[in-house]
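Worksheet: the structure to be examined is printed underneath.
Just so you know, residue 1 is the first one in the sequence shown, and it goes up from there. Computed from a predicted model, the values in this text were never measured in an experiment.
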Amino acid sequence: MSVPGDAPGDGERPESGGGWRRLAPRTVLAAALVMAGIAVGAGVPAFIGLAGSRPVWRALAWVGTGAALLIVGGSALDYVRWRRTRYRIGAERAELHTGLLLVKRRSLARERIRSVDLTANVLLRVLGLVKVRIGTGENTGGGESTLELDPVTREEGERLRRELLHRGTTGGPGPHREGELATLDPAWIRYAPLSFVAPALGGAVAGGLMQVSEWFGAQGKLIEWVRDRFHDTPVVWMIAVLVVGACAAGVVGALGLWVEMWWNYRLEREPGGTLRVRRGLFTTRSISIEERRLRGVELVEPLGVRTLGAARVDAVATGLAADEDSRHADHKTLLPAAPRITAERVAAHVLREAASPTGAAGLTPHPPAARTRRLRWAVGAALVPVLVLAALGVLLTDALLYVAGACAVVLLPLAVLLALDAYRSLGHAISGGYLVARSGTVRRTTVALQRGGVVGWTVKQSYFQRRAGLITLTATTAAGAGAYSVYDAEEPEALAFAEAAVPGLLAPFLERPR
């Protein structure tokens, strides 16, 4: 079946009628360039090694022959892939056939398609190509819920996205019905070093340096070099300097990663009710979310970012990509870490509300028993390493007793502060058509979930919760994480909240037998 109203573009000419199209032929050129890069990267050190024990011309001939075989072979394989790959978009199904000996046929019902995401690295951008991922958002395993066209021309990718996601106008009245909702403010980069990515990257840099030095047999020399630099420095100060150095490397890495991910960021509402996030410096990404699949938003405030009054906005939606390649937190992020007032404004525009439900004042506080539970858990967790070190100190050396004392002085007050903050973060409310739940301290989240999107309730009560008169109430939904909890709420109040949020859903299970 041909696609009406669209003349085949460059590289997408029908293969044999019936609306079948091929990938862009420039994919062969892209493969050749990639193979050339690999050949250069591997050939230079190989040439240096060979030239040391044999004539230069012979080393150059060997390396040149290997590089030519690699480039030609890789290009030939990609040419076969291009020749044997075809796709078509019919009135009811999107289909993809690929493979030489073992032909794979995959199709998706158009009514079940939820996302059409476009990605292009630097090479694809130079060649005017994009990789298109068409998905249903179902986690069926084996990639059966996605079709990947790698690559097609940029124009074809945009055409496919518009055609497959256009469902007619959706949404009711509200501010910013269409158009731009948010654009990048370069000042937001100041939040990047406060994320958990920075220390992780710092540790990765230190570990990678040690690993590379081991590969080249220079790990001992590296350790000796560091020891010489701190020859007259106490061990404690040496460790402190190394930790600061690793953290500095992590900060630089976090800044670079943020720029690569969020440069040119733009959030738009397109005609027909589709939210589109575009971002990326070297690798550009375009992620689309149908508003009719949106069930709410989640305001995420990691501890470091929260200290500067910032938050990010994530979508709570059905049909987001669920395969292994796309299961990343940033795939559902509508706004990176930004000032809280900006995050609230964007959340309101996304939900077509005058004010964001996540900023609802007067969240119902949780009883003091919830604070007691958090203090007990936090102090208990802090005492474990202290007691272990103390026991080892009694058995082995008195030095560990001093370490245990130092840990107690640092960890116990920190645990109490985090527990009190976790208690202050607890809260829940009903705001118009949304139920709101907030919890967490190291990563505080406030979710605003459409009441109509709640498909069930789960009520949990441990022995200790029962003694304290508390319960954990979890709203289940087909969107987002699938479950959002109100932790350690007072039992009668939490049950009344559930009944008010979704009348009649929980009531049959609360009736007392006569």
**Report entry** Closest heavy-atom pair and its distance - Pro193, Ala198
**Finding:** O-CB, 3.6 Å

Requested in this report: Kindly determine whether Ile89 and Glu163 satisfy side chain to side chain contact (heavy atoms under 4.5 Å, CB included), including the steps that lead there.
Outcome: CA-CA 9 Å; Ile89 308 299; Glu163 180 180 347; 3.7 Å; yes

Query raised in the report: What's the verdict on salt bridge (Lys or Arg N to Asp or Glu O under 4.0 Å) for Arg276 and Glu158, showing C-alpha distance, side-chain angles and the deciding distance?
Result: CA-CA 12 Å; Arg276 185 182 189 185; Glu158 288 290 342; 2.7 Å; yes

Report task. Apply side-chain hydrogen bond (donor to acceptor under 3.5 Å, both in side chains) to the pair Thr472 and Gln465, showing each step before the final yes or no. Result -> CA-CA 9 Å; Thr472 293; Gln465 282 180 310; 3.1 Å; yes

Query - Gap separating the NZ atom of Lys460 from the CG atom of Leu470, nearest 0.5 angstrom - result: 15.5 Å

Query raised in the report: What heavy-atom pair brings Arg114 and Leu165 nearest, and what distance separates the two atoms?
Result: O-CD2, 3.9 Å

Query raised in the report: Counting distance only, does the side-chain N/O of Asn121 pair as donor-acceptor with the main-chain N or O of Leu124 below 3.5 Å?
Result: yes

Query raised in the report: Rounded to the nearest 0.5 Å, how far apart are CG of Leu303 and CG of Leu194?
Result: 9.5 Å

Query - Tyr423 six-ring face occupied by Arg374 cation (under 6.0 Å, within 45°) - result: no

Query raised in the report: When you look at Tyr484 and Val454, which way does the side chain to side chain contact (heavy atoms under 4.5 Å, CB included) test go after all the steps?
Result: CA-CA 10 Å; Tyr484 296 92; Val454 177; over 6 Å; no

Query raised in the report: Any donor and acceptor pair, going by atom type alone, linking the side chain of Asp117 with main-chain N or O of Ser288 inside 3.5 Å?
Result: yes

Requested in this report: For Ser195 and Tyr191, indicate whether the former's side chain and the latter's backbone hold a donor-acceptor pair under 3.5 Å.
Outcome: no

Report summary line: Heavy atoms of Gly253 and Leu201 approach each other most closely as C-CD1, 3.4 Å

Requested in this report: State whether the side chain of Arg306 and the backbone N or O of Thr441 hold a donor-acceptor pair below 3.5 Å, judged by distance alone.
Outcome: yes

Query - Any donor-acceptor pair under 3.5 Å from Arg285 side chain to Arg279 backbone - result: no

Report task. Drop me the distance from Leu108's CG to Thr136's OG1, to the nearest 0.5 angstrom. Result -> 6.0 Å

Requested in this report: Report the C-alpha distance between Thr119 and Val130 in whole Å, list the side-chain angles of each, state the deciding distance to 0.1 Å, and finish with yes or no for side chain to side chain contact (heavy atoms under 4.5 Å, CB included).
Outcome: CA-CA 6 Å; Thr119 307; Val130 295; over 6 Å; no

Query - Exceeds 12 heavy-atom contacts within 6.0 angstrom, atom CZ of Phe282 - result: no

**Report entry** Glu298 side chain reached by Arg312 side chain, heavy atoms, under 4.5 Å
**Finding:** no

Query - Under 3.5 Å donor-acceptor, Thr477 side chain and Gly453 backbone - result: yes

Report task. May I have the step-by-step check of side-chain hydrogen bond (donor to acceptor under 3.5 Å, both in side chains) for Asp314 and Thr333, ending in yes or no? Result -> CA-CA 4 Å; Asp314 288 354; Thr333 300; 3.1 Å; yes

Query raised in the report: Which atom names give the shortest non-hydrogen contact between Tyr434 and Gly296, and what distance separates them?
Result: CE2-CA, 4.4 Å

Query raised in the report: Which heavy atom in Ala382 sits nearest to a heavy atom in Ala415, and how many Å separate them?
Result: CB-CB, 3.9 Å

Query raised in the report: Are more than 12 heavy atoms from other residues, nucleotides or ligands located less than 6.0 Å from atom CD1 of Ile341?
Result: no

**Report entry** Worked verdict on Arg466 versus Glu491 for salt bridge (Lys or Arg N to Asp or Glu O under 4.0 Å)
**Finding:** CA-CA 9 Å; Arg466 188 161 56 251; Glu491 183 175 356; over 6 Å; no

**Report entry** Intermediate values then yes/no, side chain to side chain contact (heavy atoms under 4.5 Å, CB included), Val197 and Leu257
**Finding:** CA-CA 9 Å; Val197 173; Leu257 183 62; 3.8 Å; yes

Report task. Could you tell me whether Trp263 atom CH2 has more than 12 heavy atoms of other residues or ligands within 6.0 Å of it? Result -> no

Requested in this report: Determine yes or no for a side-chain-to-main-chain donor-acceptor pair under 3.5 angstrom, with Arg266 supplying the side chain and Leu184 the backbone.
Outcome: no

Query - Side-chain donor-acceptor pair present, Thr358, Glu344, cut-off under 3.5 Å - result: yes

Query - Side chain proximity check, Arg106 to Glu95, heavy atoms < 4.5 angstrom - result: no

Query - Spacing of CG belonging to Leu495 relative to CD belonging to Glu499, to within rounding of 0.5 Å - result: 9.5 Å

Query raised in the report: Is there side-chain contact between Arg269 and Arg352, with heavy atoms separated by less than 4.5 Å?
Result: yes

**Report entry** More than 12 heavy atoms from other groups under 6.0 Å of OH on Tyr487
**Finding:** no

Report task. Verify the distance criterion only: is there a donor paired with an acceptor across the side chains of Thr474 and Ser485 at less than 3.5 Å? Result -> yes

**Report entry** For His366, side-chain hydrogen bond (donor to acceptor under 3.5 Å, both in side chains) partners two or more places apart
**Finding:** His428

Query raised in the report: Do Leu149 and Leu160 have side-chain heavy atoms sitting under 4.5 Å apart?
Result: yes

Query raised in the report: Any side-chain heavy-atom pair from Gln461 and Val459 closer than 4.5 angstrom?
Result: no

Query raised in the report: Can you tell me how far CZ of Arg154 sits from OG of Ser286, rounded to the nearest 0.5 angstrom?
Result: 12.0 Å

Query raised in the report: Are any non-hydrogen side-chain atoms of Val346 and His349 less than 4.5 angstrom apart?
Result: no

Query raised in the report: Has Arg190 got more than 12 heavy atoms of other residues, nucleotides or ligands less than 6.0 Å from its CZ?
Result: yes

Query raised in the report: Under 3.5 Å, is there a donor-acceptor pair between the Arg93 and Ser107 side chains?
Result: yes

Query raised in the report: With distance as the sole test, does Arg438 use its side chain to make a donor-acceptor pair with the main-chain N or O of Ser425 at under 3.5 Å?
Result: yes

**Report entry** Beyond-backbone contact of Phe497 with Leu473, side-chain heavy atoms, under 4.5 angstrom
**Finding:** yes

Requested in this report: Please name the pair of heavy atoms, one in Ala337 and one in Trp188, separated by the smallest distance, quoted to 0.1 Å.
Outcome: O-CB, 3.7 Å

Requested in this report: Hey, could you give me the CD/CG distance between Gln450 and Leu435, rounded to the nearest 0.5 Å?
Outcome: 10.0 Å

Requested in this report: Would you indicate whether the side-chain heavy atoms of Ile134 and Thr146 approach each other to under 4.5 Å?
Outcome: no

**Report entry** Side-chain (Arg278) to main-chain (Asn264) donor-acceptor, under 3.5 angstrom
**Finding:** no

Report task. Using modelled atom types only, decide if a donor and an acceptor are shared between the side chain of Glu270 and the backbone of Leu275 within a distance under 3.5 Å. Result -> no

